[in-house]
A.B. asks: 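Here's a structure for you.
In the text below, chain A, chain B and the rest are named by the order of the sequence lines, each starting its count at 1.
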Amino acid sequence: MTGSQPDASALVRIENVHKFFGSAHVLRGIDLTVRLGEVAVVIGPSGSGKSTLLRCVNHLETISAGRIHVGDDLIGYREIDGKLHDLPHGSIALQRRKIGMVFQQFNLFPHKTALDNIAEAPVHAKGIAKKDARRRALELLDRVGLASHATHYPAQLSGGQQQRVAIARALAMDPALMLFDEPTSALDPELVGDVLDVMKDLARSGMTMIVVTHEIGFAREVGDSLVFMDEGVVVERGAPRDVLGNPQHARTREFLSKVL
Amino acid sequence: MSEGGVTAVPVVSEFTASSQKIELISATPVRHPGRWVGVAVIVLACILLIQSLATNPNYHWDTVATYILDVHVVQAVGWTLLLTVASMILATALAVALALMRVSENPVFQWTSWAWVWFFRGTPVYTQLVFWGLVAVLYPKITLGVPFGPELLQFDTQDLITAGVAALLGLGLNESAYLAEIFRAGLKSVGAGQMEAAEALGLRKSKIMWRIVLPQAMRVIIPPTGNEAIGMLKTTSLVLAIPFTMDLTFVTNSAANRLYLPIPLLIVAASWYLLITSILMVGQHFIERHYGKGFDGRILAPTDSALEGRR
Ligand SMILES: Nc1ncnc2c1ncn2[C@@H]1O[C@H](COP(=O)(O)OP(=O)(O)OP(=O)(O)O)[C@@H](O)[C@H]1O
Ligand SMILES: [Mg+2]
């Protein structure tokens with residue numbers, strides 16, 4: 001798989017991306033294409049650069065080399081005559097509105113109710129009328145099974161409920177792409193299922209998703225492709241059935257033997 | 001609430017339902033004789049204090065009664081309050097700017113903020129007040145214009161920086177240094193995850209600051225700021241350094257000097273300071289409650305998570 005082939009149905013194009021933290025070379029030439037409607041599941045050992053890659057896609061981290069395109073946007077930069085110029089914060093914010101992100105630690109706003117968490121960005125980033133945003137927020141809460149929790153503050157919700165609110169909050173911006181960074185890793189085992197159900201629902205509705213997770217079962221069931229990363233490179237990529245059933249690289253085999 | 005009532009006493013209902021014989025423990029509590037000795041000492045001290053307050057003629061309670069609502073005293077209370085509130089407002093506005101400059105990415109802003117705090121925190125407020133009183137000696141005229149170019153406006157410093165303005169500037173600028181540090185600590189107390197979540201949603205920087213970071217920082221900012229406001233109330237007593245002569249301490253002091261009765265007028269001043277402090281404390285309580293929403297564990301909505309069916 002060459003990845004950088006121009007492809008009409010590609011939503012995300014990550015091209016030869018490198019990332020340094022000081023002298024640490026954390027991403028070492030990542031090429032990855034995610035098609036519209038594709039669910040790409042990323043697995044790999046701790047420290048392999050999975051979170052860093054996701055955070056580069058919405059410019060929470062700046063990349064050191066390469067290009068990331070989401071739709072028509074070149075993330076974080078404007079290219080004029082082959083030279084890159086930093087985008088101003090406002091333009092980066094515009095790009096981020098099309099990309100939803102769900103964090104391992106939920107990061108709900110603790111001073112706002114579940115409903116206000118969801119309505120915040122539509123009202124204050126997009127300028128949607130408060131009344132409409134709240135109505136939409138209630139619909140989204142219903143979709144994640146928490147309609148009765150609209151007036152609860154995050155501290156009054158379980159981890160699984162908080163994560164479902166966080167997913168609804170990201171969806172409220174009508175993103176074209178959703179990024180999930182280990183959304184179930186901070187949850188008690190009995191709460192994982194509820195969150196995965198919401199994500200499966202979302203996948204079936206046609207959302208394009210990049211999901212970093214250790215839930216191999218999720219990858220097998222809803223993943224369109226499985227990406228195995230190690231030490232800052234994509235070691236192997238393919239249909240989940242193939243990668244899981246018949247891994248081509250020794251490193252993949254070794255990792256899978258530990259998690260399966 | 002009937003549901004809550006039932007669930008609150010499940011032990012008793014089970015107990016009667018099963019009609020089992022259970023011997024409830026009624027153990028003799030541990031005695032604390034030391035505590036009773038302590039209470040006795042405190043009660044005795046209170047009695048002695050009250051007795052001396054009532055019987056010692058040197059308190060001159062009649063003078064206290066005459067002056068506590070004296071028109072000059074009440075006016076002085078007004079000035080003290082005005083000075084406290086106005087300098088706190090000036091200090092807050094400056095401190096927000098200083099704290100934002102300190103956390104900005106611009107090194108010139110960072111350095112300016114640091115230097116401001118260094119200077120105003122590093123010199124006594126008394127010295128600063130004397131300085132503001134002397135500013136008219138230092139700069140007799142204040143001119144607005146282009147540097148080395150034409151002059152547009154000119155003022156006599158004495159008209160512009162009156163004793164009241166000097167007091168406001170002296171107290172406000174000094175306080176801004178302390179508040180800036182409090183605000184900076186408050187901003188730092190908000191986790192990086194909050195910024196990132198807001199950025200990932202595509203909120204602009206100013207919205208993130210005003211709607212996500214500052215409201216959460218307020219929880220950390222309010223208690224020490226309340227302390228500072230109460231401190232400011234009493235620091236206003238130093239404005240005679242300017243000299244500003246209408247505040248509570250100056251007015252009660254000069255009355256005391258006139259009457260040769262310092263003690264009752266000290267009681268008058270102390271009573272007013274105590275009253276205002278108490279009012280400030282009540283205000284602080286309500287502000288703290290407002291910004292504690294979602295944090296302080298108060299149940300603001302029914303927690304029906306137990307009733308929620310699994311999907
Ligand atoms: N802000 C940072 N500064 C310096 N080094 C960082 C920073 N963020 C990540 N790293 C380093 O980059 C490497 C990749 O980290 P990353 O968080 O992307 O790994 P990961 O694959 O998500 O791991 P995990 O499964 O534990 O979440 C690690 O060695 C980490 O120490
Ligand atoms: Mg990670």
Side-chain angles (χ1 to χ4, degrees), chain A residues 55 58-60 89-90 92-114 116-117 120-126 144-158 160-161 164 166 169-170 172-173 175 179 190-191 193-194 197-198 201, chain B residues 3-4 100 103-106 109 186-222 287-311:
Chain A
R55 293 162 57 80
N58 67 356
H59 208 62
L60 285 181
H89 291 297
I92 294 170
L94 284 175
Q95 295 184 335
R96 285 176 175 149
R97 285 173 204 175
K98 304 170 202 161
I99 305 171
M101 186 163 200
V102 175
F103 300 85
Q104 185 174 351
Q105 298 299 338
F106 330 134
N107 293 345
L108 288 182
F109 305 131
H111 60 305
K112 292 182 181 291
T113 62
D116 289 337
N117 262 276
E120 177 70 20
V123 172
H124 293 281
K126 268 190 176 170
V144 299
L146 291 170
S148 60
H149 291 60
T151 58
H152 288 223
Y153 285 87
Q156 299 169 320
L157 298 171
S158 74
Q161 292 169 337
R164 285 185 276 157
R169 177 175 70 173
M173 293 298 281
L179 309 173
E190 79 269 21
L191 302 176
D194 291 342
D197 285 347
V198 168
D201 243 28
Chain B
E3 251 183 58
L100 292 179
V103 299
S104 88
E105 287 154 17
N106 184 326
F109 285 179
L187 293 180
K188 267 173 73 177
S189 76
V190 181
Q194 290 292 307
M195 283 282 285
E196 290 191 343
E199 284 179 351
L201 284 166
L203 286 162
R204 283 168 194 279
K205 288 219 149 179
S206 56
K207 293 277 189 187
I208 295 175
M209 187 50 76
W210 288 106
R211 300 198 48 84
I212 306 299
V213 178
L214 270 181
Q216 293 184 59
M218 287 304 262
R219 258 177 68 248
V220 176
I221 288 172
I222 293 296
I287 298 174
E288 270 180 38
R289 215 173 65 166
H290 174 76
Y291 286 107
K293 260 192 272 176
F295 287 94
D296 53 10
R298 270 182 315 137
I299 302 301
L300 296 151
T303 27
D304 45 350
S305 51
L307 305 172
E308 191 222 352
R310 302 262 307 192
R311 282 162 48 91

A.B. asks: Could you have a look at A/His89, A/Gln105, A/His59 and say which one has the most heavy-atom pairs with chain B under 4.5 angstrom?
C.D. replies: A/His89
A.B. asks: For A/Pro154, is it the side chain, the backbone, both or neither that has a heavy atom under 4.5 Å from a heavy atom of chain B?
C.D. replies: neither
A.B. asks: Is any side-chain heavy atom of A/Pro175 closer than 4.5 Å to one of A/Met101?
C.D. replies: no
A.B. asks: Please determine whether a side-chain nitrogen of the Lys or Arg among A/Arg55 and B/Glu196 lies less than 4.0 Å from a carboxylate oxygen of the Asp or Glu.
C.D. replies: yes
A.B. asks: Answer with side chain, backbone, both or neither: which region of A/Ile99 has an atom nearer than 4.5 Å to a non-hydrogen atom of chain B?
C.D. replies: backbone
A.B. asks: Side chains of A/His111 and B/Gln216: closer than 4.5 Å at any heavy-atom pair?
C.D. replies: yes
A.B. asks: Do B/Glu288 and B/Arg219 come close enough that some side-chain heavy atom pair is under 4.5 Å?
C.D. replies: no
A.B. asks: For A/Phe103, which atoms come within 4.5 Å of any heavy atom of chain B: side chain, backbone, both, or neither?
C.D. replies: side chain
A.B. asks: Can you tell which part of A/Lys112 gets under 4.5 Å to a heavy atom of chain B, answering side chain, backbone, both or neither?
C.D. replies: side chain
A.B. asks: Based on non-hydrogen pairs under 4.5 Å, which of A/Leu179, A/Leu157, A/Leu108 is most in contact with chain B?
C.D. replies: A/Leu108
A.B. asks: Heavy atoms only, distances under 4.5 angstrom: which of A/His124, A/Arg169, A/Gln95 has the most pairs with chain B? Name it, please.
C.D. replies: A/His124
A.B. asks: Minimum heavy-atom separation for A/Glu120 and B/Leu203, please, with both atom names.
C.D. replies: CG-CD1, 4.3 Å
A.B. asks: With a 4.0 Å cut-off on N to O distance, would you call B/Lys205 and B/Glu105 a salt bridge?
C.D. replies: yes
